[in-house]
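Contents: one structure, followed by commentary.
Side chains included, hydrogens not; waters and symmetry mates left out as well; all remaining heavy atoms used.
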Amino acid sequence: MALFMDTALLSIRGVGPRFLASLKRLRIETIEDLVYHFPSRYEDFSKIYPIADLAPGQQATIQGVVDTIETRRSFRRQMTITEAVITDESGSIRAVWFNQPYVKNILRPGRQMNISGKISFSEADHDLFFSHPTYEPVGRDETRHTARLVPIYPETRGLTSKAIRFLMRPVLKHLSPAEEWIPEEILEKNNFADINKALRDIHFPEEIDEALRAKDRFAFEDLFLLQLWNAQQKMLFSKEKATALPADIEWLKSVLVGLPFELTESQKRSLWEIIKDIGKSHPMNRLLQGDVGSGKTVIAAIAALISAKNGYQTAFMAPTEVLARQHFETLKKLFAGVAKEDQPLVGLLTGSTGKIFSENDAEKETTKRSVAEKIKSGDILIAIGTHALIE
């Protein structure tokens with residue numbers, strides 16, 4: 001049965017309701033969701049060790065024959081303990097599982113198995129043992145859980161990495177080849193695998209380098225798609241219409257002279273770019289980036305002042321009340337030097353506060369409703385606040 005990226009997992013025979021419910025908690029409902037659920041790390045069980053060479057704390061794989069296996073109940077802790085003895089040419093070792101009595105039906109005596117996991121040391125018995133290892137019969141063409149680089153996935157309640165691997169292997173085997181959309185020259189230039197090999201390598205790599213190259217390819221893919229989307233949005237945005245907000249340069253010079261400090265060259269360049277943008281008849285979409293204290297607020301404030309000079313409103317939205325108050329205090333200081341006839345009405349609106357800063361450099365405490373009404377009416381040309389501004 002050929003599988004396709006849009007195939008729903010519920011249509012696959014053998015994937016039961018409980019499994020589907022667990023997958024859905026990870027937002028995995030289609031084949032595409034599953035194969036793009038990438039491992040977060042890998043456990044290296046690729047080297048098979050003789051039992052005699054094992055050491056406490058080691059992550060290892062052995063290959064041996066099941067000598068004995070038994071399940072008993074611990075009445076003190078109300079749990080089942082399944083214990084097997086595995087033997088190879090160099091010696092024997094115990095493997096212990098808790099509350100997994102079904103293991104006894106798989107690890108039958110005389111069966112040759114791969115066992116992978118962490119080696120622990122028993123103080124009581126003075127011997128080494130595997131604690132809750134994974135296991136797999138020897139003889140499979142391709143291993144999933146042992147004797148290889150084993151993918152470890154983001155998990156959820158009722159869904160282990162082992163269960164994801166159990167489903168992932170046959171899905172990748174029967175998945176119809178995906179169409180490659182990254183140009184071949186880009187793949188070659190960056191030493192990226194094509195999409196189908198990259199999907200196999202990221203889930204079941206033979207070498208860690210294969211997994212790393214696959215991760216690089218998909219990381220590039222995410223950034224490439226984001227850049228394409230941004231370019232598309234920018235193109236669409238440039239076709240929108242907006243009111244031009246021209247700046248009176250002579251007036252602006254007087255505003256800058258009245259500031260309590262002189263702008264740096266970087267601030268001047270950023271301000272000039274913004275002035276050119278808002279003077280055009282299409283929307284500005286710009287990110288002003290800088291370290292704390294680099295002067296981002298003063299540039300935004302001057303842009304807001306230009307907007308107010310043209311008779312339009314500006315909103316300063318902050319994620320917290322503390323930051324909104326800081327912006328309000330900053331603008332008060334900056335606008336104190338603005339000529340009184342040009343000084344806009346500035347309002348602060350948060351979940352608990354309403355304030356107005358107006359003519360004569362006066363601050364007035366008022367109600368939130370009053371500030372909201374003045375913003376709505378257009379009296380307040382610069383509104384500072386939290387999400388209360390849009391409630």
Is a side-chain N or O of [X] found less than 3.5 angstrom from the main chain of [Y], in a donor-acceptor match?
X	Y	result
T156	L159	no
R165	P151	yes
S307	T314	no
S46	R148	no
K296	G290	yes
R108	N105	yes
R169	T143	yes
Y42	F204	no
D379	I375	no
S40	I152	yes

At what distance, to the nearest 0.5 angstrom, does [atom1] of [X] lie from [atom2] of [Y]?
X	Y	atom1	atom2	value
H327	L348	NE2	CG	11.0 Å
Q289	R286	CD	CZ	12.5 Å
L9	E32	CG	CD	11.5 Å

Is there side-chain contact between [X] and [Y], with at least one heavy-atom pair below 4.5 Å?
X	Y	answer
T71	I81	no
L245	I275	no
S90	D53	no
R111	P137	yes
I69	V103	yes
I384	L349	no
D67	I86	no

Subject >> By side chain to side chain donor-acceptor pair (under 3.5 Å) - contacts of Y153 (at least two apart) >> reply: H203
Original post:
For T80, which residues count as a side chain to side chain donor-acceptor pair (under 3.5 Å) partner, sequence neighbours excluded?
Top reply: none
[X] atom [atom1], over 12 foreign heavy atoms within 6.0 Å:
X	atom1	value
L228	CG	yes
Y36	OH	yes
D291	CG	no
K118	NZ	no
Q112	CD	yes

**OP:** Give the C-alpha distance, both sets of side-chain angles, the deciding distance and a yes or no for side chain to side chain donor-acceptor pair (under 3.5 Å) between S131 and S120.
**Re:** CA-CA 6 Å; S131 178; S120 300; 4.6 Å; no
Subject >> Shortest non-hydrogen contact from V96 toward F98 >> reply: CG1-CZ, 3.9 Å
Original post:
Taking it one step at a time, do T61 and N114 satisfy side chain to side chain donor-acceptor pair (under 3.5 Å)?
Top reply: CA-CA 7 Å; T61 297; N114 287 329; over 6 Å; no
Inspect the contact between [Y] and [X] and indicate whether a charged nitrogen and a carboxylate oxygen are less than 4.0 angstrom apart.
X	Y	value
K376	E373	no
R94	D127	yes
E43	R41	yes

Subject >> Donor + acceptor pair across side chains of D33, T30 (<3.5 Å) >> reply: yes
**OP:** In sequence, state the C-alpha distance, the side-chain angles, and the governing distance for K253 and E250, and then conclude on salt bridge (Lys or Arg N to Asp or Glu O under 4.0 Å).
**Re:** CA-CA 5 Å; K253 287 180 180 178; E250 293 304 316; 3.7 Å; yes
Subject >> Residue that, paired with I182, satisfies side chain to side chain contact (heavy atoms under 4.5 Å, CB included) out of E185, E180, E184 >> reply: E180
**OP:** Run through V138, I48, T134 and flag the one making a side chain to side chain contact (heavy atoms under 4.5 Å, CB included) with T146.
**Re:** T134
**OP:** State which residue, out of F224, F218, F220, fulfils the ring-ring contact (aromatic ring centres under 6.0 Å, His included) condition with F192.
**Re:** F220
**OP:** Could you check T82 against E70 for side chain to side chain donor-acceptor pair (under 3.5 Å), going step by step and ending with a plain yes or no?
**Re:** CA-CA 6 Å; T82 301; E70 63 176 15; over 6 Å; no
**OP:** Might you work through the side chain to side chain contact (heavy atoms under 4.5 Å, CB included) test for I390 and M317, ending with a clear yes or no?
**Re:** CA-CA 9 Å; I390 57 175; M317 186 176 293; 3.6 Å; yes
